Structure formats: structure tokens, C-alpha cells
Amino acid sequence: MTLSLTFHGAVGTVTGSCFRIRTGDGDLLIDCGLFQGTKTVKELNYRPFPFKPSAVKAVLLTHAHIDHSGLLPKLVRQGFKGRVHATAGTADLLAYMLPDSGYIQETEVERLNRRNRQRGRPAVEPIYTQADAQAAIRRLHAVDYGEWVKVLPGIRARFWQAGHILGSASVELEVTRGGTAETILFSGDLGPGGKSFHADAEGPPRPDWMVLETTYGNRERVEMGEAERQALLRDEVRAALAAGGTLLIPAFAVERTQELLYDLHRLFDRGEIPMVDVFLDSPLADAVTGVFRRHLGDLGTDGDPFARTNLHRVRSVAESQKLNALKGGAIIMAASGMCDAGRIRHHLKNHLWRPEDTVLLVGYQAPGTLGHLLQQGAANVRIHGEEIAVRAHIRSLDVYSGHADRSSLLAWVAARQGVRRGLFLVHGEEEARAGLRDALVRRGWDPALIRLPELDEVADLTAATPARTPAMAQDGPPRLEPEAVAAGRDWHNRYAAFLLDLHRALDAAPDDAAREALLRGMGDRLPQAEGPPVG
């Protein structure tokens with residue numbers, strides 16, 4: 001029986017999760033996620049899949065986050081006809097998240113094409129549409145935790161609680177070849193434990209193969225209970241409101257928004273923060289909060305933390321635009337958490353230049369994203385092609401992460417009692433993957449068992465010791481070299497930074513003659529373009 005594992009995403013980066021099991025009876029995908037980060041990495045979303053979608057017979061989803069599920073509509077659009085197996089919580093979330101993602105694809109491309117027409121460039125097509133998203137939703141098949149489901153001849157799967165977000169799971173595959181069964185365990189994204197809404201991550205003992213996430217593989221966080229976490233949020237809210245401005249919180253629509261609303265609810269009720277208005281400006285986050293409300297019995301909350309008189313759900317674009325008139329004394333929460341899309345970008349354009357306002361980053365910021373640039377202290381940024389000065393207070397609160405840190409990852413692996421054949425470290429930047437590998441080796445792991453795969457690399461799971469197969473897409477070399485995947489900045493980021501530096505240099509020049517000399521000197525270094533001069 002042919003059995004191989006190809007890593008089509010989330011290697012050297014934390015997005016684009018997609019792992020393909022190949023057998024003689026067809027292909028099986030674990031996740032099919034959207035790439036995020038630098039524009040170079042995000043362009044992978046527009047390229048053809050490095051496999052034939054029609055050859056994929058089934059998909060198993062670890063959870064609903066778009067970097068794990070966001071290319072499902074494209075997969076269906078291009079010929080996938082099988083089932084998408086997921087937990088009930090994941091299926092409920094995707095009923096809102098995939099259409100929202102399709103809407104974002106359509107609106108972002110519409111804005112881009114307006115600029116392209118002005119510049120005489122060809123139009124581009126969205127990665128997929130809302131209609132494609134609805135077609136993908138019809139392929140969902142909800143399964144219970146712990147329930148075995150047959151996905152291909154000789155292969156069955158079981159979902160385990162991962163403690164990351166509502167519905168998140170680790171996926172155990174049992175593959176039977178020649179009467180002998182072996183297991184492959186995909187960790188998915190593992191939660192840190194002690195979350196407000198979830199049980200801790202679980203999993204089966206001693207798999208043959210393990211594919212392990214490493215988002216925080218080289219980082220430790222201080223263990224913190226609910227009261228301590230809420231105290232830190234309280235201090236940030238008080239400081240932001242005392243500055244006289246608006247507190248803007250970019251937040252992931254799933255889980256992060258609901259955790260923040262829960263903690264704000266408790267702080268309001270205890271009188272620890274002023275009773276200001278909270279505007280939830282994300283139709284997706286609002287819909288997801290509705291899913292959480294339907295699952296309150298499973299989440300273990302005391303009452304309904306999402307029903308408050310000072311919580312306002314902002315649904316229409318017109319309602320969102322009215323928030324521009326706010327001058328302070330309010331909290332605005334909007335997606336996306338990395339500031340790469342959604343209404344948050346419009347709010348940042350309106351608030352970043354105001355020194356009395358505060359932006360509170362509460363989640364992981366992937367390299368190359370706007371959130372990461374802000375976190376790194378950028379003095380100016382470009383949003384929708386416009387230069388925006390960063391004068392607002394930029395704060396980070398790293399206590400809402402949905403990911404296990406290094407110690408928690410090591411504890412989860414130890415609870416699995418090791419692996420029989422091999423461990424693949426994925427879903428992490430290179431420093432995180434290397435850091436977790438080194439920590440495992442210090443704990444006695446054989447380095448020969450641990451692999452750090454590259455994009456589109458193939459592992460033959462039938463070999464006694466799988467040899468490294470060169471990373472290849474379906475019909476050619478890797479779609480991106482490892483250095484490009486792992487780069488924190490690409491040429492797009494450098495171009496934007498160059499324009500900002502150029503504007504500052506021109507502003508600082510003493511007179512027009514100096515500005516002319518600066519531009520002429522730069523122009524003389526450029527290759528001469530054919531055609532008549534511009535201007």
C-alpha cells in the first residue's frame with residue numbers, strides 16, 4: 001500500500017496548514033488552510049494547488065480557524081467531491097466563517113481591481129466567492145469526539161479534544177496495511193490548558209508518527225489563572241481610558257473575541273473598570289458569539305456573558321463608519337486579529353495617528369502582517385495605499401493566546417509516551433521549530449526521529465527509515481524556497497518601508513532643489529524603462 005505524507009503548508013510558518021496523506025485509494029487532506037503573512041506567502045493562495053483536488057477523497061479538519069480551513073471553498077471549486085469531516089463545533093463555526101472569508105475575498109479583490117484599472121493593470125479574480133463557500137459548507141460532516149469514522153479504504157480517523165478553540169481537535173489516523181495497523185497523530189493547534197471555555201488537550205498514547213505544532217516551541221509564558229489575566233486586562237483598559245482616547249482591540253473573531261467579552265463582563269460586574277460602551281464591529285465575531293451562546297452548556301460559564309446593555313453589535317458598514325465620530329471613552333473590537341483584513345484596518349486608519357488612542361494587540365502577530373509591524377514599533381505604516389503615522393499607544397497582552405507554550409507542548413508529547421517511528425515539527429517559525437527540537441533532544445529524544453519538513457516535502461511512511469524526498473510540487477520545484485516562506489519581511493514590505501522613508505527624506509530636505517537632487521540621484525540608479533517619459 002502506498003503511504004506518504006506531504007507538507008503543503010504550515011512549515012517554517014504558522015499559516016496555510018495542509019497535509020496530504022497519499023494512498024493507492026486516493027488522497028486525504030488534514031486541513032486546507034489559507035496562507036497569511038507577507039504578500040509573497042499570501043500569493044500562494046492564488047496559485048493552483050500542488051495536487052489534483054479531484055484526487056482528494058476526504059478532508060479532516062482540526063479546527064475552524066481560516067489558516068486551517070480557509071482554502072476549502074477553492075478546493076471544492078476546483079473539483080473536490082468528498083466529505084469534510086469535522087467536530088460539530090467546527091462545523092457550526094464554519095457555517096459563518098467560510099462565507100465571511102468569501103465576502104472578504106470578493107471585496108478585497110474589488111478594491112484591488114479599482115486600483116488596477118487606474119494603473120492600467122489587468123484585473124484579478126478572487127480566490128473564491130461566497131457561493132463557493134456555501135458549496136464547501138454542504139460537504140461538511142459533523143463527528144463526535146472519540147468516534148471512529150471511516151475515511152478511505154483501510155483508514156479510519158478519530159478526533160480528540162485539543163483545547164484550542166471551540167470544536168478544535170487533534171486527529172488520529174489508523175492505517176491498516178497487510179493486516180497491521182499503525183497510527184498517525186496530527187496535533188492540530190493545542191491549547192495552553194486552563195482556558196475559560198475548554199477542557200485541556202488530550203490524545204492517544206504512543207502513535208507511530210506524530211505531526212506536532214510548534215507555534216510557541218521556543219517560548220515560555222507565565223502560568224496565569226483567570227483572575228490574574230483579568231487583572232492585566234483591567235490595567236490596560238484603565239490606562240487607555242485615562243489617556244482620554246478610544247481603546248481599539250484587533251481580535252480574532254473566534255475565541256479571542258469571546259474570551260475578551262467574558263473578561264470585560266466580569267470586570268464590569270465587579271466595578272473594576274468604568275462602564276463604557278463596547279462596540280463589537282465584526283459581523284463574523286457577532287455570529288460566532290451566537291454559536292458560543294448556543295454552546296454555553298458545554299463552556300461552563302456562569303450565566304450569559306455576551307448579553308450586556310453596554311455591548312453594541314455593529315452589523316452594517318454604515319454603522320461601522322459612524323464609529324469614526326467617537327472621540328474617546330469607548331472600546332472597539334474588530335477583526336482580524338493580525339490587522340491584515342476586515343474592518344480593523346479602517347479603524348486603524350482613523351485611530352493610529354491619534355496620540356490619545358490605544359491599540360491593544362492580544363494575539364499572535366505573524367511576521368509580515370500589519371499587526372507585527374505595529375508590535376515591532378513601526379513609526380509609519382501603509383493601509384489601503386495610504387501612509388499613516390503611528391502616534392497611538394501600541395500595547396501587547398500575551399495572556400490570551402490559544403496556543404500551548406514550550407512547556408505545555410513538551411508535557412502533551414510526554415503524555416503521549418513518545419512515538420514509535422518519527423516526529424514531524426510543523427506550524428512554527430524556524431526558531432520555534434528548532435527550539436522545540438532542541439528541548440526534546442535534551443529530554444532524551446533521538447534526533448534521528450525528529451524532522452523539520454519544508455514546503456511540499458514528501459515523507460514515504462512505508463520505508464523503515466523515511467528518506468528525505470526533495471520538496472516538489474505536483475509538476476515542478478517547490479512553490480516557495482524555505483527562506484521565502486520563513487522571511488519576516490518580503491520585497492513588498494521593503495517597498496512600503498522605502499516609500500515611507502522617501503516621504504520623510506523629502507519632507508526633511510531644506511528646499512525644492514534638494515528634493516529634486518535626491519529624486520534625480522535615485523532615478524539615475526534605476527534601469528531605464530522603454531517608452532516615453534512619464535509626467
Side-chain angles (χ1 to χ4, degrees), residues 9-10 14-19 29-34 36 59-70 72 84-98 101 140-147 149 157-173 185-204 210-216 251-259 262 284-285 288-289 291-292 294-301 337 363-364 400-405 408-409 411-413 415-416 426-428:
V14 298
T15 69
S17 182
C18 183
F19 312 113
L29 293 186
I30 311 298
D31 289 344
C32 190
L34 199 74
Q36 298 167 309
V59 179
L60 300 168
L61 283 185
T62 61
H63 64 287
H65 275 153
I66 290 300
D67 62 315
H68 290 255
S69 67
L72 278 175
V84 179
H85 303 279
T87 66
T90 294
D92 283 350
L93 291 173
L94 288 179
Y96 300 99
M97 295 179 68
L98 290 182
S101 181
L140 288 170
H141 172 238
V143 296
D144 293 331
Y145 288 109
E147 172 190 343
V149 55
R158 180 165 56 170
F159 291 76
W160 294 80
Q161 173 63 252
H164 175 56
I165 66 169
L166 177 67
S168 64
S170 299
V171 176
E172 176 189 11
L173 289 184
L185 179 59
F186 295 83
S187 72
D189 288 4
L190 297 171
K195 298 273 282 181
S196 297
F197 298 144
H198 306 297
D200 292 348
E202 302 173 332
M210 184 187 294
V211 180
L212 177 65
E213 72 114 326
T214 62
T215 309
Y216 286 122
F252 296 100
V254 181
E255 195 85 8
R256 198 68 40 80
T257 290
Q258 291 74 38
E259 284 186 309
Y262 173 77
L284 174 60
V288 169
T289 301
V291 174
F292 271 68
R294 292 198 295 274
H295 287 266
L296 283 177
D298 302 325
L299 300 179
T301 60
Y364 179 82
Y400 285 94
S401 175
H403 288 275
D405 64 8
S408 297
L409 289 170
W412 186 84
V413 171
R416 310 285 74 76
V426 302
H427 201 284

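Basis for what follows: all heavy atoms, side chains included, without hydrogens, waters or symmetry-related copies. Worth saying up front: this structure is predicted, and the values here are computed from it rather than measured.
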Between [X] and [Y], is any pair of side-chain heavy atoms under 4.5 Å apart?
X    : Y   : value
L72  : L61 : yes
V426 : F19 : yes
L173 : I30 : yes

**OP:** Just say parallel, tilted or perpendicular for the rings of F252 and H65, cut-offs at 30° and 60°.
**Re:** tilted
**OP:** Kindly assign one of parallel, tilted or perpendicular to the pair H164 and H63, based on the angle between their ring planes and the thresholds 30° and 60°.
**Re:** perpendicular
**OP:** With sequence neighbours excluded, tell me which residues meet salt bridge (charged side-chain N to carboxylate O under 4.0 Å, His left out) with R158.
**Re:** E172
Between atom [atom1] of [X] and atom [atom2] of [Y], what is the distance when rounded to the nearest 0.5 Å?
X    : Y    : atom1 : atom2 : answer
H403 : L409 : NE2   : CG    : 10.0 Å
F292 : Q258 : CZ    : CD    : 4.5 Å
W412 : M210 : CH2   : CE    : 5.0 Å
I165 : L93  : CD1   : CG    : 6.0 Å
H427 : T15  : NE2   : OG1   : 7.5 Å

State, to 0.1 Å, how close [X] and [Y] come at their nearest heavy-atom pair, and which atoms those are.
X    : Y    : answer
V288 : A253 : CG1-O, 3.7 Å
F159 : V171 : CE2-CG2, 3.8 Å
A64  : S69  : O-OG, 3.0 Å
A88  : A142 : CA-CB, 4.0 Å
V254 : M97  : CG2-SD, 3.3 Å

**OP:** Identify, with sequence neighbours excluded, every residue that meets side chain to side chain contact (heavy atoms under 4.5 Å, CB included) alongside S101.
**Re:** I66, Q105, Y128
Original post:
A162: what forms a side chain to side chain contact (heavy atoms under 4.5 Å, CB included) with it, not counting sequence neighbours?
Top reply: S168, S170, L190
**OP:** Applying side-chain hydrogen bond (donor to acceptor under 3.5 Å, both in side chains), name anything that partners T90, two or more places apart in sequence or on another chain.
**Re:** T87
**OP:** Return the set of residues passing side-chain hydrogen bond (donor to acceptor under 3.5 Å, both in side chains) with T257 (not counting sequence neighbours), or none when no residue passes.
**Re:** none
Original post:
Does any N or O in the side chain of S17 come within less than 3.5 Å of the main-chain N or O of G33, such that one atom is a donor and the other an acceptor?
Top reply: no
Original post:
Hey, is the main chain of Q36 close enough, under 3.5 Å, to the side chain of D67 for a donor-acceptor pair?
Top reply: no
**OP:** Can you sort out the partners of H85 under ring-ring contact (aromatic ring centres under 6.0 Å, His included), two or more places apart, ordered by chain and number?
**Re:** H141
